[in-house]
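Proteins get letters first, then strands, A, B, ... in listed order; numbering begins at 1 in each. As a basis for the values below, the full set of heavy atoms in this structure was taken, side chains included, without hydrogen atoms, waters or symmetry mates. Keep in mind that what you see is a predicted model, and the values were worked out from it rather than measured.
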Amino acid sequence: MEPFSTSLTSIGPKKNKRIIPQDNSFMRIPDLIKTKVPEGLKNLYGFDISPNALIINLTRKEFEGDYTVVTFPFAKQARKSPGDVAEALGEYLIANTEEFVSYNVIKGFLNLSVGTSYWPDFLKRVLENDSFGYHDDNGRKALVEFSSPNTNKPLHLGHIRNILLGWSTSKILKAAGYDVVKTQIINDRGIAICKSMLAWQEFGAGATPESTGTKSDHFVGHWYVQFEKHFKAEYGEWQGSDAAKKVLAEKDVKEENVESFWSKYKNEYFNTHSGLGAKAKQMLLDWEAGKEETRNLWKKMNQWVYDGFEVTYKNLGVEFDSLYYESNTYLLGKDIIEDGLSKDIFYKKDDNSVWIDLEKDKLDHKLVLRSDGTSVYMTQDIGTARKRYEDTGADTMIYVVADEQNHHFKVLFKILERMGEPYAKSCHHLSYGMVNLPHGRMKSREGTVVDADDLMADVIGVATKNSEEVGTVLDLPKEDQEKIFEQIGLAALKFFIIKVNPKKSMIFNPEESVDMQGQTGPYVQNAGVRCRGILRKLGEYDGNEALKLETVHDAEKETLRLIHSYPEIIADAAKDLDPSHVANYCYSLAKSYHKFFNSGLSVIRAESEAAKAFRGDLTQATLQILESGMDLLGIEIPERM
RNA sequence: GGCCCCGUAGCUCAACUGGAUAGAGCAGCUGACUUCUAAUCAGCAGGUUACAGGUUCGAGUCCUGUCGGGGUCACCA
């Protein structure tokens, strides 16, 4: 048995001697159409159109042709029927390009067929360029904020959707030509972490993650839960007290409403009568005053959380370029408000609170400084945005945050605009829908929150079980097997989440998330692994033979056209900030290759040297694009599976 | 209640941003492994795109209304 690392990483011939055409005029079909159709319209009818206004589709498989141009939009200006325009354009393209060899017209649809010789040439271009599909630097810098957890409890399924969206959006923007900075703001201060701190101090008896053998962020989360438990007990007991009876009498609560009244009163109880509440609040005040003992406790517990997060992030395969801590940024923005006050962007009320009037933009008045002069969330966000601009020079800022904050970001961006911030118009809220379970929302009270670490362990567990049943990698060393199981399990999870359009809320069915058949991550991986297997067996071949190819079969054409459209997929995904485009694309490409594989067209036993070389190139290119596309989603394709 | 988002096959999702006969997967049923990996493929079945109008060559997509679901309306984050 050969060692894993050497036997599996060689995937066949990488760079054979090839005839590389010397001209620089190579254009992919969409670009060719965008050049030649406006030119044709100008020559034929004498009017100009914007190339971007063209509608170019892959020809549906029930019709003859490869690419379809829709001519309805030009009919009026040309003063001809859409069919006539299509005919004339078809003639023009045949006469004035090498690539198109025939056409047909159905109503206003011009179906164009690309000549066979185009494809082997095209594949060579793909294989020569490892980053085929990527776009040139556009000179812009985008800052992407995602994850942004609180430090009082571990990450859960909601964070996973956020993180996967943020990560892949960052990758996609990079591929689309942006310089990208990945960042997060860590919400490390506030009443929540104080609750964990207090509970640990009061009831923890010196326990540590080490002493209890608990992952350190879960350890801190445990004490947060303990706080809630003790608080609830305290509250329940209090409800029988004279003070409680007095409250009921004052508020004139009827007998049958007592229970629901108490559940709504909880927050007020925390702020008024609760002993634990008072202690937690005192802790927050001590923290703000910089009391050393409190700060040390805070540092200790936060460090536990960070150590835990680091493991989760690493397992998920993500990392950040920079971090912002709320404890450093929560005072930012106040100066900016003062400044804006003098410029009449904001106004002050009699009680000294500061507001902005957004009624002209069909929004409300929004508070930006409390009457006691302290800041609110919005104030911080204003300050942090400017700081980030100063720190990084990013002219585009993308906030990956759940859609419950749609309104907040609408207001934030409008305020930044009013302030004349140079990046204001390029701020985007990548808003995504809630992740629900088959039986409804995740609720911490009902213990239905799906923990991130548990979830990853589960999917890897299922992948391991499946893989051992299939038995195809049992000959490999144990650690290589484990690596593969991990790759497969995470692929299932990540793909399941990322294939859904971000703005839609999604239902997360744990059973379906570990499916490995059909429209899933492992299905796509399997196509790539299949390519690797074929290339391994194929060995050396003469790449130049491919240029002598005489026919391209339908089963090959589908895969070719998909590879061909990869650059547009990246551009669209970047424009829409929507990684699901890439996921669905990868699935289509994998599907088309599987189909080709089963079509009876053999690579290794091809009918001619030309076909063999061509299919070898096709297989290599498919693998290259699958790896590239899945990489944008944070998914790896294993060597074997 | 005001504002915002969503509603597509039994279930989970697509539909190139207004283009051709709305496509996949899962679940169900039939077939294909001595063949380049069956985590695959081929096929059957499944739809009044919530409903009613409108806009135009053309509507799941845009507009209006109705019904259903979610979010949000804090000197919280």
Inset, instruction - Assign A/S467 to base, sugar-phosphate, or nothing according to its heavy-atom contacts below 4.0 angstrom with the strands shown. - result: base
Legend entry - The single option from A/I497, A/D578, A/D403, A/L164 passing side-chain contact (heavy atoms from CB on, under 4.5 Å) against A/P502: A/D578
Legend entry - Contact list for residues 371-384 of chain A, test salt bridge (Lys or Arg N to Asp or Glu O under 4.0 Å), sequence neighbours left out: none
Legend entry - Short side-chain N/O contact from A/R189 to OP1 or OP2 of B/A77, under 4.0 Å: no
Legend entry - Side chain of A/F597 (C-beta onward), nearest among B/A77, B/U8, B/A38: B/A38
Legend entry - Base of B/C75 paired with side chain of A/S371 (donor-acceptor, under 3.5 Å): yes
Inset, instruction - Would you check if A/F109 stacks with the base of B/A20, given a 5.5 Å centroid limit and a 30° plane limit, both strict? - result: yes
Inset, instruction - Report yes if the ring of A/F72 lies under 5.5 Å from the six-membered base ring of B/G19 with planes under 30°, and no otherwise. - result: yes
Inset, instruction - For A/M506, answer base if it contacts any base atom (sugar-phosphate contacts may also be present), sugar-phosphate if it contacts only those atoms, and nothing otherwise; contact means non-hydrogen atoms under 4.0 Å. - result: sugar-phosphate
Inset, instruction - Could you tell me whether the side chain of A/S580 has a donor or acceptor atom within less than 3.5 Å of a complementary atom in the base of B/A14? - result: no
Inset, instruction - Would you mind classifying the nucleic acid contact of A/G190 as base, sugar-phosphate or nothing, using non-hydrogen atoms under 4.0 angstrom? - result: nothing
Legend entry - Ring centroid separation A/F413 to A/H428 under 6.0 Å: no
Inset, instruction - Tell whether A/N57 reaches the base of B/A15 with its side chain through a donor-acceptor pair below 3.5 angstrom. - result: no
Inset, instruction - Have a look at A/V500 and say if it touches a base, only the backbone sugar-phosphate, or nothing, with a 4.0 Å heavy-atom cut-off. - result: sugar-phosphate
Inset, instruction - Examine the base of B/A20 for any acceptor or donor lying under 3.5 Å from a partner atom in the side chain of A/T68, and report the outcome as yes or no. - result: yes
Inset, instruction - Ignoring backbone atoms, test whether A/K499 places a side-chain nitrogen or oxygen under 4.0 Å from the OP1 or OP2 oxygen of B/A14. - result: no
Inset, instruction - With heavy atoms under 4.0 Å as the rule, sort A/I507 into base, sugar-phosphate or nothing. - result: sugar-phosphate
Legend entry - Glycosidic conformation of B/C33, taking syn as within 90° of 0 and anti otherwise: syn
Inset, instruction - Answer whether the closest heavy-atom distance between the side chains of A/T559 and A/F597 falls below 4.5 Å. - result: no
Inset, instruction - Look at all strands and tell whether A/D372 reaches a base, only sugar-phosphate, or nothing, counting heavy atoms closer than 4.0 Å. - result: nothing
Inset, instruction - Using the closest heavy atom to pick a nucleotide of RNA chain B for each, name whichever of A/K503 or A/N466 lands nearer the 5' end. - result: A/K503
Legend entry - Ring center gap for A/Y265 and A/F270 short of 6.0 angstrom: no
Legend entry - Euclidean distance for P, B/C41 against B/C26 (whole angstrom): 8 Å
Legend entry - Those residues that, when tested against A/T68, pass side-chain hydrogen bond (donor to acceptor under 3.5 Å, both in side chains) (two or more places apart): A/T59, A/N111
Inset, instruction - Starting at atom CG of A/D515, determine the distance to atom P of B/C13, rounded to an integer number of angstrom. - result: 13 Å
Inset, instruction - Looking at every strand, decide which applies to A/E326 at a 4.0 Å heavy-atom threshold: base, sugar-phosphate, or nothing. - result: sugar-phosphate
Inset, instruction - Could you tell me if the ring centre of A/Y330 sits under 6.0 Å from that of A/Y325? - result: no
Inset, instruction - Give one of base, sugar-phosphate or nothing for A/V603, where a contact means two heavy atoms less than 4.0 Å apart. - result: base
Legend entry - Between A/Q487 and A/Q525: side-chain donor-acceptor atoms closer than 3.5 Å: no
Inset, instruction - Just call it for A/D578: base, sugar-phosphate, or nothing, with non-hydrogen atoms closer than 4.0 Å on any strand. - result: nothing
Inset, instruction - With heavy atoms under 4.0 Å as the rule, sort A/Y523 into base, sugar-phosphate or nothing. - result: sugar-phosphate
Legend entry - Upstream residue (5' side of RNA chain B) when A/K107 and A/I488 are each assigned their closest nucleotide: A/K107
Legend entry - Nucleotide nearest A/M516 when distance is taken to its side chain, options B/A39, B/C36, B/A38: B/A39
Inset, instruction - Whenever both distances are under 3.5 Å in a Watson-Crick or G-U wobble pair, mark it; put RNA chain B into dot-bracket that way, with [ ] for crossing pairs and | when the partner is on another strand. - result: (((((((..((((.....[...)))).(((((.......))))).....(((((..]....))))))))))))....
Inset, instruction - Looking at every strand, decide which applies to A/F63 at a 4.0 Å heavy-atom threshold: base, sugar-phosphate, or nothing. - result: base
Inset, instruction - Return yes when atom CG of A/D554 has more than 12 non-hydrogen atoms of other residues, nucleotides or ligands closer than 6.0 Å, and no otherwise. - result: no
Legend entry - Selection from B/A39, B/C36, B/U37 that lies nearest to any side-chain heavy atom of A/I604: B/C36
Legend entry - Sugar-phosphate, base or nothing in reach of A/P73, heavy atoms under 4.0 Å: base
Inset, instruction - Kindly say if A/R441 contacts the phosphate of B/G71, meaning a side-chain N or O under 4.0 Å from OP1 or OP2. - result: yes
Inset, instruction - Would you please confirm or rule out a distance under 4.0 Å between OP1 or OP2 of B/C3 and any side-chain N or O of A/K410? - result: no
